[in-house]
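Shown next, in structure tokens, is the structure this report addresses.
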Amino acid sequence: KVVLTGHIDGDRRRYVDALAVIEHFKRRSSEIHFSFAGRAKGDYGKSIKQQLIAYKASFPDLVSFFEDDSTADMFRREMETSHLVLSMSTLTFKGMGTTEYIGKTKPTAAIHDMVSFELPGLLPAHLPTPANLTGSAFSYKSVAELIEILTSLLEDRKKLAEWLERAKAN
């Protein structure tokens, strides 16, 4: 189970990339599940959610997402049943009249969630990986590379188990 945390918000995350990854894995939906553990925000979030609804209709085991009435307990349960955090963070975010640089002036929620729930994670290459997460935080440069990494985890379950153990140790 791969979890994407935070609001479904186009200003902060590249959900088009997430949809491309899901599209690739839809025929393997019995092996992998993508969970969107955040509410849809604005028109962009609603459009992504509509695409997730369409995937769920055709491939019920492939995706899940929060409805508008999600709670902190629902988020916690989602995280506790996940195996891997996937970040689709953008490099910058414009908020409150200033430009924030994710990973520098603004922390990423994905790293916080990785630490809080002792999960390994996949981060975009532009995000700095904290040294204390070596061995449980990995970067990817493209959708193709992300698909390759996820495929390798499906084909070598021991690798994911090692990442999970390292995340607990970290």
Run the side-chain contact (heavy atoms from CB on, under 4.5 Å) test on Met79 and Ser116 for me, step by step, so that the C-alpha distance in whole Å, both residues' side-chain angles and the decisive distance to 0.1 Å come before the verdict. CA-CA 9 Å; Met79 296 303 295; Ser116 296; over 6 Å; no

Decide yes or no on side-chain contact (heavy atoms from CB on, under 4.5 Å) for Leu164 and Leu84, but give the supporting numbers first. CA-CA 8 Å; Leu164 284 160; Leu84 182 68; over 6 Å; no

Begin from the C-alpha positions of Thr151 and Arg28 and carry the test side-chain contact (heavy atoms from CB on, under 4.5 Å) through to its verdict. CA-CA 10 Å; Thr151 299; Arg28 295 181 79 167; 3.8 Å; yes

Take Leu160 and Arg157, measure what side-chain contact (heavy atoms from CB on, under 4.5 Å) needs, and give me the verdict at the end. CA-CA 5 Å; Leu160 180 58; Arg157 301 296 173 119; 5.7 Å; no

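A side chain to side chain contact (heavy atoms under 4.5 Å, CB included) with Leu86 holds for exactly one of Ile149, Leu4, Thr5; it is Leu4.
Between atom CD1 of residue Ile8 and atom NZ of residue Lys46 there is a gap of 12.0 Å, rounded to the nearest 0.5 Å. Between Ser29 atom OG and Ile22 atom CD1 the span is 11.5 Å, to the nearest 0.5 Å.
Taking both residues in full, the closest heavy atoms of Glu31 and Leu154 are given as O-CD2, 3.4 Å, listed atom of the first, atom of the second, then distance. Across all their heavy atoms, Lys49 and Phe66 have their closest contact at NZ-O, 3.9 Å.
Judged as a ring pair (Phe, Tyr, Trp, His ring centres under 6.0 Å), and not counting sequence neighbours, the contacts of Phe138 are Trp163.
A 6.0 Å sphere centred on CG of Asp43 holds no more than 12 heavy atoms belonging to other residues, nucleotides or ligands. Counting heavy atoms of neighbouring residues, nucleotides and ligands inside a 6.0 Å radius, atom NZ of Lys168 does not exceed 12 of them.
Between Val2 and Phe25 there is no side-chain heavy-atom pair separated by less than 4.5 Å.
Tyr44 and Tyr15 have tilted rings, their planes meeting at an angle from 30° to 60° on a 0 to 90° scale.
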